[in-house]
S.K.: 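Sending over a structure as structure tokens; questions will come in a sec.
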Amino acid sequence: QCSLLSNIDILIHLNLRQLGGVASIYEAIVKCLLPSDSSIKESDVKQLLQNEDIRTLLLFDAYDEYPDKDKGGNFVSRILEEQLLQHVKVLLTTRSSCIPEGCDKLTGRIKLTGFDGRASEEYVRGVVTGGDEEATKKILTQFNTNATLADICQAPLLFVVYAHSAHKAKINIDFRSVTEFFGYMVNCFHYHIRNKAQTKATAEEQAQFQEFIDNHDTLDRLAYEALCAENQQLTWDRDIIARELGEEFYKRHTDIGILVEEEVINRNFPSQPDPYKTEVRLFHKLAYEWYAAHHFVERLRSSPSSLPGNLVDLMDPSELQHVYRFACGLDPLAAPRVLDLLRQKEDCDSLAVLCALEHKDKAAIVLDIVRDLVSRDVRIRKDDSRLLQRTTIELVQRACEHGFPVSCLQLDMSFRRFDVTNSCIVLESDFRLANMRTVKVLHMEDSYVGHEITRDELLGLLRTCEGLTELRFGSSVFLLPLSIPPEKIPPALKRRNINILYDRRGGPLRLREGPVYRLSFEHGQWEIHDQRADQTLCVLIYQRHSQLRQEWSIQELEMAAEADVEISALRLNESFDTVADNSQSIILTSGCTIPVLRTLQELDIEGSNINQEMFIRILSYVKECPQMILLFFEHSQLPLKDVVDPEQIPSQLKERELRVLYDRGNGLVYRLSFDHGQWEIHDQRADSSLGVVIDQSDSQLRQEWLIKELKMAAEAGMTISALCLEESFDTVADNSQSIILTSGCTIPVLLTLQNLAINGSNINQEMFIKILSYVKECPQMTRLFFWSSQLPDVVDPEQIPSQLKQRGLKVWWIDDDGGGDGVPRRYRLLDLESGRWDITDIDSDTDSEG
């Protein structure tokens with residue numbers, strides 16, 4: 001029952017690589033999955049798949065190798081886009097570089113990342129070593145301590161080859177490059193079949209065996225042409241490739257598994273007699289890159305001008321990185337030319353690093369490449385593979401060891417901390433950057449995890465980077481010291497005049513506005529760097545923010561106000577506590593204080609309970625901020641009536657035309673009228689509507705606020721789409737002009753109310769008629785709902801107001817018939833002429849919104 005297929009009746013697995021030219025899913029199943037003498041026809045398969053009672057799963061395998069994927073209207077695309085067989089579940093496998101477009105928006109994605117640590121260990125112990133713990137530990141230790149192996153052996157097939165080879169060798173097999181490993185693996189294919197031979201090979205057979213290992217120029221060319229071809233034609237016709245390679249070469253490489261034969265549908269049938277043909281492919285996509293790299297290197301050696309000018313477009317480095325890495329490893333003299341090609345393509349710097357270090361024994365060539373690479377920005381990203389991170393660190397270390405200036409080192413969400421004791425940067429991956437003496441610019445970005453950097457860590461980092469001219473922190477989630485006493489800054493650092501910049505515009509907690517700050521070594525204080533006339537600042541202070549983060553935000557506000565930088569908004573999220581008695585500062589729940597800010601434009605207070613006295617004090621603070629034009633309250637509790645005596649509102653605020661807005665989170669925004677000291681609807685749109693739920697558990701104040709909203713909406717002519725009384729209905733006033741709630745609050749007649757729902761009440765005949773009398777006074781009401789309530793089985797039709805019959809009012813009684821799981825609801829509609837309830841389906845009410 002735990003199986004993913006436990007609720008599937010039929011699983012249909014189709015290898016899309018074999019389906020070029022096939023017109024329909026039904027044809028594909030008949031030709032690929034059924035015996036040639038089967039009596040089942042395409043029409044039979046169609047009938048089966050269209051049966052919605054049969055739970056079917058289609059597994060489309062290797063979409064990236066599907067020959068017709070770029071042809072419009074193919075049957076695979078039609079199924080994926082739900083134009084065909086919408087009820088059938090579909091599972092599709094493809095490389096991440098070839099994901100189909102147009103899939104349903106609810107499509108889920110699973111990324112296969114290869115053998116994880118647990119799977120690797122289970123395979124080695126169970127299959128390779130037969131439970132030998134010591135041998136298992138040895139193999140896994142070799143593997144886990146070699147980043148090159150861990151990177152390329154994410155493919156299970158390659159891991160399997162490595163594990164068996166390492167176990168058989170009984171020695172430490174150490175590979176320092178992917179070229180070295182893949183060459184070893186290809187040789188394993190050859191030597192495996194020789195080792196299985198029953199008799200000792202003759203000298204002639206030995207020579208032929210070595211010839212097959214050393215000379216594969218034709219296969220190199222074919223692989224190169226396959227990768228360069230449009231849509232990468234990765235299969236060959238068996239007869240054609242055998243003729244090209246020679247039968248002996250072909251037979252040897254199919255025997256050892258480097259070439260794989262596969263029977264597929266003959267696209268030319270019936271013009272050709274056989275409906276099937278044999279196609280041939282290499283055992284893995286990396287094998288194409290391996291052999292293509294040999295041909296690539298040969299052309300670089302002999303006639304580089306013969307390479308197509310758009311080679312990096314034909315063999316996209318982002319998809320075929322190993323062609324370029326293998327090329328550099330096969331011939332170090334080719335590496336500079338390969339890197340020249342990579343410069344033609346954007347975002348290839350990471351690949352260039354991997355290519356440069358593929359061949360480590362040609363020091364002079366590698367150093368020239370290192371010098372070139374560090375002359376541009378070098379990045380270490382959090383999401384980089386461990387191999388790429390390790391290689392990039394080695395690149396920086398080599399540059400520093402040889403005195404090459406590293407123009408800019410960027411740590412993109414990869415920085416964890418600075419180790420003061422060992423004078424090194426520790427990355428999220430646990431790798432360490434120690435020697436950074438020739439790094440000129442160090443730029444650190446962080447968007448998710450806040451890092452507090454102490455004074456000692458900051459000064460230690462500056463001392464470690466001896467050649468540093470600029471240190472930039474590019475996110476507000478870094479927390480730096482608010483200041484550094486000048487006497488704590490070593491004179492040597494002051495003489496270097498390093499630019500320490502803090503760009504707090506990044507990160508999820510702030511809008512992308514505001515200045516960049518620079519640490520002054522003279523005063524030990526932060527100051528605005530490179531101030532522009534159009535700069536603005538927006539700051540959010542949450543209650544959950546640490547004390548230091550709140551202090552930094554306040555310091556920013558103070559610096560901006562002193563420098564006449566416009567503060568477009570200050571937003572206090574559940575962090576507001578009170579206003580000081582002298583109205584000169586806001587006090588936060590943390591105890592931090594925000595002084596009067598003369599360039600503040602907007603103050604937003606969210607999630608606070610504010611009484612009348614506090615409201616007046618907030619207005620007094622606002623009066624001291626001469627540029628403030630908007631005071632905004634959101635999801636807060638504010639006074640309902642007699643909000644403020646108009647006489648208490650400072651005249652400066654009236655002259656300034658300050659707007660005081662209140663968003664209660666129900667779709668309406670209210671504005672304080674300075675003339676009356678009361679709330680009124682703000683900026684009403686023609687299509688505005690209001691829906692209100694009043695629950696018995698709501699406080700008295702909340703119920704009063706909701707009723708006030710209803711009255712304001714009705715007075716403004718706004719549609720009240722629904723009023724729902726959740727166990728809060730009590731009765732209707734004798735004059736039918738109001739509903740009285742259990743709390744004692746009253747709801748007057750609402751001229752724009754359209755739907756009224758009463759939930760969980762016991763209503764007798766007399767009360768029912770009184771409710772109908774109230775409804776009669778609400779001229780726009782067209783539906784009345786009773787939910788989980790007790791009602792009279794029959795209503796006297798003579799007592800039903802005739803206006804309701806003329807209006808076509810629909811009265812619904814909806815009950816769960818006892819309210820248990822799986823018990824269907826009953827929908828009853830009142831016949832206004834007979835006074836009887838008709839059991840029906842609510843769908844019959846075509847105007848109902850449910």
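Computation of the quantities below employed the complete heavy-atom set of this structure, encompassing side-chain atoms and omitting hydrogens, waters and symmetry-equivalent molecules.
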S.K.: Quick one: does S620's side chain have a donor or acceptor within less than 3.5 Å of a partner on I616's backbone?
M.R.: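 Checked: pair present.
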
S.K.: Any chance you could lay out the side-chain hydrogen bond (donor to acceptor under 3.5 Å, both in side chains) test for S590 and Q550, step after step, and finish with the verdict?
M.R.: CA-CA 9 Å; S590 64; Q550 291 192 7; 2.5 Å; yes

S.K.: Just checking, is any N or O donor in the side chain of E634 or Y662 under 3.5 Å from an acceptor N or O on the other one?
M.R.: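 Absent: no donor and acceptor within the cut-off.
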
S.K.: Quick check: closest heavy atoms across C745 and I707, and the distance to 0.1 Å?
M.R.: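 In this case the closest contact between C745 and I707 is CB-CD1, 3.6 Å.
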
S.K.: When you measure from the side chain of S575 to the backbone N and O of I541, does any donor-acceptor pair fall under 3.5 Å?
M.R.: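 Checked: pair present.
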
S.K.: Between S608 (side chain only) and E574 (backbone N and O only), is there a donor and an acceptor less than 3.5 Å apart?
M.R.: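 Here the side-chain-to-backbone pair does not exist.
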
S.K.: Any idea which heavy atoms bring A434 and T464 closest together, and the distance?
M.R.: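 Looking at all heavy atoms of both residues, the closest pair is O-CG2, 3.6 Å.
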
S.K.: Is there a side chain to side chain contact (heavy atoms under 4.5 Å, CB included) between L462 and I500 once you walk through the steps?
M.R.: CA-CA 9 Å; L462 295 175; I500 304 177; 3.5 Å; yes

S.K.: Look up atom CD in E624 and atom CG in N582, then write down how far apart they are to the nearest 0.5 Å.
M.R.: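 Reported value, rounded in 0.5 Å steps: 8.5 Å.
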
S.K.: Determine whether R671 and E680 satisfy the following criterion, salt bridge (charged side-chain N to carboxylate O under 4.0 Å, His left out), listing intermediate values before the conclusion.
M.R.: CA-CA 5 Å; R671 179 171 182 169; E680 56 189 27; 5.6 Å; no

S.K.: If you take all heavy atoms of L479 and S546, which pair is closest and at what distance?
M.R.: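 For L479 and S546, the tightest heavy-atom pair comes out as CD1-OG, 3.9 Å.
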
S.K.: Is any NZ, NE, NH1 or NH2 atom of the basic residue among E470 and R472 found under 4.0 Å from an Asp or Glu carboxylate oxygen of the other?
M.R.: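 R472 and E470: salt-bridged.
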
S.K.: In sequence, state the C-alpha distance, the side-chain angles, and the governing distance for L480 and Y517, and then conclude on side chain to side chain contact (heavy atoms under 4.5 Å, CB included).
M.R.: CA-CA 11 Å; L480 303 180; Y517 304 98; over 6 Å; no

S.K.: Find the distance between CG (L630) and CD (E602) and round it off to the nearest 0.5 Å.
M.R.: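 One gets 4.5 Å once the value is rounded to the nearest 0.5 Å.
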
S.K.: How about L658 and F674: do any of their side-chain heavy atoms sit closer than 4.5 Å?
M.R.: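 In short, these two side chains touch, coming nearer than 4.5 Å.
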
S.K.: Are the side chains of Q410 and L442 in contact, using a 4.5 Å heavy-atom criterion?
M.R.: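 L442 vs Q410: side chains apart.
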
S.K.: Is there a donor-acceptor contact under 3.5 Å from the side chain of S407 to the main chain of V374?
M.R.: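 Judged by distance alone, yes, a pair lies under 3.5 Å.
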
S.K.: Do the ring planes of Y542 and H545 sit parallel (below 30°), tilted (30 to 60°) or perpendicular (above 60°)?
M.R.: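 Answer is tilted, since the angle falls between 30° and 60°.
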
S.K.: Which pairs would a plain distance check flag for residues 482-491, meaning a side-chain donor or acceptor within less than 3.5 Å of a matching protein atom at least two apart in sequence or in another chain?
M.R.:
none

S.K.: For the side chain of R381 and the backbone of Q389, is there at least one donor-acceptor N/O pair under 3.5 Å apart?
M.R.: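 No: the side chain of R381 does not pair with the backbone of Q389.
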
S.K.: Starting at CZ of R432, measure out to CD of Q397 and round the result to the nearest 0.5 Å.
M.R.: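 Taking CZ in R432 and CD in Q397, the distance rounds to 12.5 Å.
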
S.K.: Kindly give the heavy-atom pair with the smallest separation between C465 and R496, and that separation in Å.
M.R.: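 Heavy-atom minimum between the residues: O-NH2, 2.6 Å.
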
S.K.: Does anything in residues 600-622 form a ring-ring contact (aromatic ring centres under 6.0 Å, His included)? List the pairs, not counting sequence neighbours.
M.R.: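 Those involving residues 600-622 are F615-F633.
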
S.K.: Any side-chain donor paired with an acceptor under 3.5 Å for Q703 and D698?
M.R.: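 Looking only at side-chain atoms, D698 and Q703 do not form any donor-acceptor pair under 3.5 Å.
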
S.K.: Would you name the heavy atoms of R598 and E562 that are closest together and state the gap between them?
M.R.: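 Shortest heavy-atom contact: NH2-O, 3.9 Å.
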
S.K.: Would you call L572 and L603 a side-chain contact if the rule is heavy atoms closer than 4.5 Å?
M.R.: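 They are in contact (side-chain heavy atoms under 4.5 Å apart), so the answer is yes.
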
S.K.: Just wondering, do L631 and L619 contact through their side chains at under 4.5 Å, heavy atoms?
M.R.: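 Side chain of L619 against side chain of L631, heavy atoms only: contact under 4.5 Å found.
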
S.K.: Mind checking whether I747 and L725 have side chains closer than 4.5 Å, heavy atoms only?
M.R.: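 Yes; the side chains approach each other to less than 4.5 Å.
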
S.K.: Does any N or O in the side chain of R571 come within less than 3.5 Å of the main-chain N or O of L540, such that one atom is a donor and the other an acceptor?
M.R.: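 Side chain of R571 to backbone of L540: no pair is present.
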
S.K.: When rounded to the nearest 0.5 angstrom, what is the spacing between CG in L468 and CG in L461?
M.R.: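 Rounded to the nearest 0.5 Å, the CG-CG separation comes to 7.0 Å.
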
S.K.: Determine the interplanar angle of the Y502 and W526 rings, folded into 0 to 90°, and report it as parallel if under 30°, tilted if 30 to 60°, perpendicular if over 60°.
M.R.: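 Rings of Y502 and W526: tilted, 30 to 60°.
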
S.K.: Do S697 and D695 get their side chains close enough for a donor-acceptor pair, meaning under 3.5 Å?
M.R.: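 Yes, D695 and S697 have a side-chain donor paired with an acceptor closer than 3.5 Å.
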
S.K.: Hey, what do you get for CG (L690) to CD (E709), rounding to the nearest 0.5 Å?
M.R.: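 Output value for this atom pair is 6.0 Å.
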
S.K.: Between R379 and D384, is a salt bridge (charged side-chain N to carboxylate O under 4.0 Å, His left out) present by the stated rule, with each step listed?
M.R.: CA-CA 10 Å; R379 286 192 176 189; D384 288 343; over 6 Å; no

S.K.: Between I498 and T469, is any pair of side-chain heavy atoms under 4.5 Å apart?
M.R.: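 I498 does not reach T469 side chain to side chain.
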
S.K.: Less than 4.0 Å between a side-chain N and a carboxylate O, is that true for D412 and K382?
M.R.: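 Judged by the 4.0 Å cut-off on N to carboxylate O distance, K382 and D412 do not form a salt bridge.
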
S.K.: So does I587 get a backbone contact from the side chain of T593, meaning a donor-acceptor N/O pair under 3.5 Å?
M.R.: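 It does not hold such a pair.
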
S.K.: Given side chains that start at C-beta, do those of E466 and V439 come closer than 4.5 Å, heavy atoms only?
M.R.: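 Result no, sub-4.5 Å side-chain heavy-atom pair not found.
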
S.K.: What closest approach, in Å, do S673 and H676 show between heavy atoms, and which atom pair accounts for it?
M.R.: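 For S673 versus H676, the nearest heavy atoms are OG-ND1, 3.1 Å.
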
S.K.: Look up atom CD1 in I567 and atom CE in M628, then write down how far apart they are to the nearest 0.5 Å.
M.R.: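 Reported to 0.5 Å precision, the distance equals 9.0 Å.
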
S.K.: Would you indicate whether K711, at its atom NZ, is surrounded by more than 12 heavy atoms from other residues, nucleotides or ligands within a distance under 6.0 Å?
M.R.: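 No, NZ of K711 has 12 or fewer neighbouring heavy atoms, counting only those of other groups under 6.0 Å.
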
S.K.: Under the ring-ring contact (aromatic ring centres under 6.0 Å, His included) rule, what pairs show up with a residue in residues 557-584, not counting sequence neighbours?
M.R.: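 The answer is none; no pair qualifies.
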
S.K.: Start with the C-alpha distance between H529 and L501, add both sets of side-chain angles, then the distance that settles side chain to side chain contact (heavy atoms under 4.5 Å, CB included), and finish with yes or no.
M.R.: CA-CA 8 Å; H529 173 68; L501 304 180; 3.8 Å; yes

S.K.: Report yes or no: does S423 contribute a side-chain atom to a donor-acceptor pair with the main-chain N or O of D419 at less than 3.5 Å?
M.R.: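 Side chain of S423 to backbone of D419, a donor-acceptor pair under 3.5 Å: no, none is there.
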
S.K.: Go through the steps for R518 and N499 under the test side chain to side chain contact (heavy atoms under 4.5 Å, CB included), then give the verdict.
M.R.: CA-CA 7 Å; R518 181 180 186 274; N499 262 334; 2.5 Å; yes

S.K.: So, S728 side chain and I694 main chain: donor-acceptor pair closer than 3.5 Å or not?
M.R.: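 It does hold such a pair.
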
S.K.: Got I605 and N573 here, is their nearest side-chain heavy-atom distance under 4.5 Å?
M.R.: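 The answer is no; the side chains never approach within 4.5 Å.
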
S.K.: Once the angle between the rings of W705 and Y670 is folded into 0 to 90°, is it parallel (under 30°), tilted (30 to 60°) or perpendicular (over 60°)?
M.R.: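 Tilted, since the angle between the ring planes falls between 30° and 60°.
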
S.K.: Is the backbone of L411 close enough, under 3.5 Å, to the side chain of S414 for a donor and an acceptor to pair up by distance?
M.R.: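 Answer holds: no.
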
